[in-house]
Amino acid sequence: MPNIYSSLVLYALVGTLLGIMEWLFFATKPSFLTVFSTEQRIISLLGTAGVLAVLMVAAGVFLISIARLVFFRFPRFQLHLQSIVPSITLTAISLLLADNFSSVLLGFGSEDSFGFSRLIYLLVIFGCLGFYTIAFGRWATKCSFLGPRHFFITAVVLCIFLATASIDTSSGSILQQFNSAVESKLPRHNVMVIGSDGVNASNLSLYGYNRETSKFLEELAGESIWALNAFTNSAHTGGAIVSVLTGKAPFESGVIYAPDVLKGQHSYQSLPALLRARYSYRTFQASFPKYADALDMNLKNAFDVVNGRSGIEDPATHFFSRHLGEATRLLLTATHDRLKTRLLHIFNVQDSHDAYAEVTGQASLVPKVTDQQRLKDLFDFIDTSADPFFAHVHLMGTHGPNFNPRVRKYSVGQEQTEGFMPDFYDDAIVDFDRYLSEVFKELKRRDILKETVVVVYSDHGINFSTDNQLPLLFRVPGHDSGIITNNVQSVDIPKTILNILGVPAPSWMGGRSLFNEVLDPCQLIVSASARNKEANEPLVAFEGLPSLGTLRLIIGESYYRWDLLKDEIYIFKVQYETPPPNCAEWSKDEVRVFFRQNLAEAGHKLSMQ
């Protein structure tokens, strides 16, 4: 039998190996770690390896104690029992390594397995478990020369790892920033922010389109304030939704496109977090995994429920964020999620969800949450509480490139032979309009429409455009209807909602209230898009924004696009039904200076490649 100390040292080494392998996987590809500094990434390596090693040692102490107290008459069984946890961990490492290898070279991994191939993975896992269980016992026996001194050295090294990781506690001072006393004067209006992905206003009959695609929205406009010229702040859903929920432009929040995540104070500064903490709102989000999910973007304590999961930090998450830093916490969470989704899929408990395959129309066997299910979840949530609620619902039927409308109006008899076919796109918009009608019927049926503010939006234009106008309506109980003709943008939504509720906006929230403010007809509209991952390194880069590919600016009719890959600025004209007043035209140098200054103020220094 191996001695206790040799087994515990090996436990620590196995946990450390798992941490190192996962860190290498995420650090050598575009991932959430990319947005952190080199120092923070190194600290996350030490923190993750240290935590996993300590957990392994704790599990080892427990199992060895059980084995020696209960099964002291069966030394061989003792050996196998205390080999279980490291064997499982080594099997997990082997699974992840095999998946990384096969996915890159063959385009196939465990999450793509079904039927017979899933059975093969299952047999391999049990084979690995058996092999490592026997092998670990032999390794531990051969390492019996390891004694208390070696275990003490191991413990000291782990303490150094964790102490170093605790240096990165930048988020600790802001964890409680909204946890002040609940305000005595509470706004009583519910708030529902509901949108659909990639909807051009120019394809809505409300905005003059020659097809009837938005019959309900036309009715709703009669009792709403709606914007004629609303633009996005991001070409991608993640960056746009963060702007809608925080009032921050992508280059300020740091989120442009997945896997970008919020970090530091930006993780805690959002409209739903404010309403939830200060005004006792119940908060809910139904959206799309990875690209529109608040938790996946590291938006903290904003939503009670996020796509069926709790959106509030549990004690363990709070501890790791506060004491070991955001990068370590995110890496531990990602490691857990990678293993969980693969094992649940292989054991046929829950099929994995390839968000990228679904959102790009490549999915065939991938299960997906429908827009009908998102709305069902919404009203199930509403029915659970009498408190005012804030709900964000992002529907996906209009995303493309392929569309699956419930009712075929304009695409009857056609087949989708290519992406973004206009007739199918219009039918998807009709579908969205019908969903809105159903939502309002449900609000009326529950007798809460009269106390619910509804905001209708879209995240970006079709096919990730930023120079197309988007639908934007504010339906406020008891408020007159009207049209906003000046240019507005997504970051204006949070401050407008707070203005409607009579709640003062915090200093960190950007944008303008579109109610009760004089709007500048030449308001600057800023947006950003990600660079192609296959492209060469850009000629111009900004620290802390690794995915940034282009910066865009709209001033009146002028549209400026700064391509950072080539360091070229292109100038176009925005198409308007009702053109804005003449606004000053900028030179290319003025555009460069404007963005450099704004990004520098947001903490992103210019770096030339």
Side-chain angles (χ1 to χ4, degrees), residues 23-45 168 170 232-240 242-243 246 248-267 291 297-298 326-327 330-331 460 464-467 491 510 524-554 559-572 586-609:
W23 183 86
L24 285 171
F25 173 75
F26 287 106
T28 55
K29 60 182 283 254
S31 73
F32 57 87
L33 284 180
T34 312
V35 303
F36 292 93
S37 66
T38 301
E39 177 186 352
Q40 289 173 315
R41 290 198 291 270
I42 293 174
I43 287 174
S44 73
L45 167 63
D168 182 26
S170 56
T232 185
N233 295 110
S234 175
H236 309 285
T237 301
V242 168
S243 294
T246 67
K248 298 182 181 183
F251 55 74
E252 183 180 2
S253 69
V255 175
I256 298 168
Y257 183 67
D260 293 344
V261 294
L262 295 160
K263 62 178 184 177
Q265 63 183 1
H266 299 299
S267 294
Y291 300 101
M297 295 185 289
N298 203 33
E326 274 298 285
L330 288 170
L331 183 52
H460 52 71
F464 314 110
S465 61
T466 59
D467 58 334
V491 293
L524 305 183
I525 308 294
V526 296
S527 62
S529 70
R531 64 186 179 94
N532 190 325
K533 294 177 182 178
E534 308 299 326
N536 297 325
E537 289 297 310
L539 292 177
V540 179
F542 292 88
E543 294 179 4
L545 297 173
S547 66
L548 182 62
T550 65
L551 291 164
R552 308 171 185 203
L553 176 67
I554 294 175
Y559 173 58
Y560 305 88
R561 182 166 63 87
W562 186 6
D563 184 340
L564 303 183
L565 182 67
K566 302 175 181 178
D567 191 19
E568 288 286 345
I569 291 181
Y570 304 93
I571 304 175
F572 308 94
W586 287 18
S587 68
K588 293 182 179 181
D589 286 340
E590 287 176 312
V591 172
R592 282 190 175 90
V593 170
F594 168 79
F595 277 120
R596 287 173 181 171
Q597 289 179 344
N598 278 266
L599 269 71
E601 290 173 4
H604 306 293
K605 295 180 181 178
L606 176 69
S607 60
M608 302 296 291
Q609 300 297 324

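Values below: all heavy atoms of this structure, side chains included; hydrogens, waters and symmetry mates excluded.
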Query raised in the report: Is the shortest heavy-atom distance from the side chain of Thr38 to the side chain of Arg41 under 4.5 Å?
Result: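 SC-SC contact between Thr38 and Arg41 confirmed.
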**Report entry** Validation row: Leu524, Leu553 side chains within 4.5 angstrom (heavy atoms)
**Finding:**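 Heavy-atom side-chain distance check passes, below 4.5 Å.
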Report task. Assess whether atom NZ of Lys605 is packed by more than 12 heavy atoms of other residues, nucleotides or ligands within 6.0 Å. Result ->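 Atom NZ in Lys605 is not crowded, with 12 or fewer foreign heavy atoms closer than 6.0 Å.
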Query - Phe36 vs Leu330, side-chain contact (heavy atoms from CB on, under 4.5 Å): CA-CA, chis, key distance, verdict - result: CA-CA 11 Å; Phe36 292 93; Leu330 288 170; 3.8 Å; yes
Query raised in the report: Hey, what's the ring geometry for Phe595 with Phe251, parallel, tilted or perpendicular (30° and 60° as the breaks)?
Result: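 Ring orientation, 0 to 90° scale: perpendicular.
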Query raised in the report: Going by the angle between their ring planes, with limits at 30° and 60°, are Trp586 and Phe594 parallel, tilted or perpendicular?
Result: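 The rings of Trp586 and Phe594 stand perpendicular, inter-plane angle above 60°.
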[X] side chain to [Y] main-chain N or O, any donor-acceptor pair under 3.5 Å?
X: Ser243; Y: Lys248; value: yes
X: Arg552; Y: Asp467; value: no
X: Asn233; Y: Ala249; value: no

Query - Passing option when Phe32 is tested against Leu262, Asn298, Leu331 for side-chain contact (heavy atoms from CB on, under 4.5 Å) - result: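 When Leu262, Asn298, Leu331 are each tested with Phe32, the side-chain contact (heavy atoms from CB on, under 4.5 Å) holds only for Leu331.
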**Report entry** Test item: side-chain donor near acceptor, Thr466 and Thr232, under 3.5 Å
**Finding:**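 No - no donor-acceptor pair under 3.5 Å links their side chains.
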Query - Least distance between heavy atoms, Pro259 atom then Ser31 atom - result: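 What the structure gives for the nearest pair is CG-CA, 3.2 Å.
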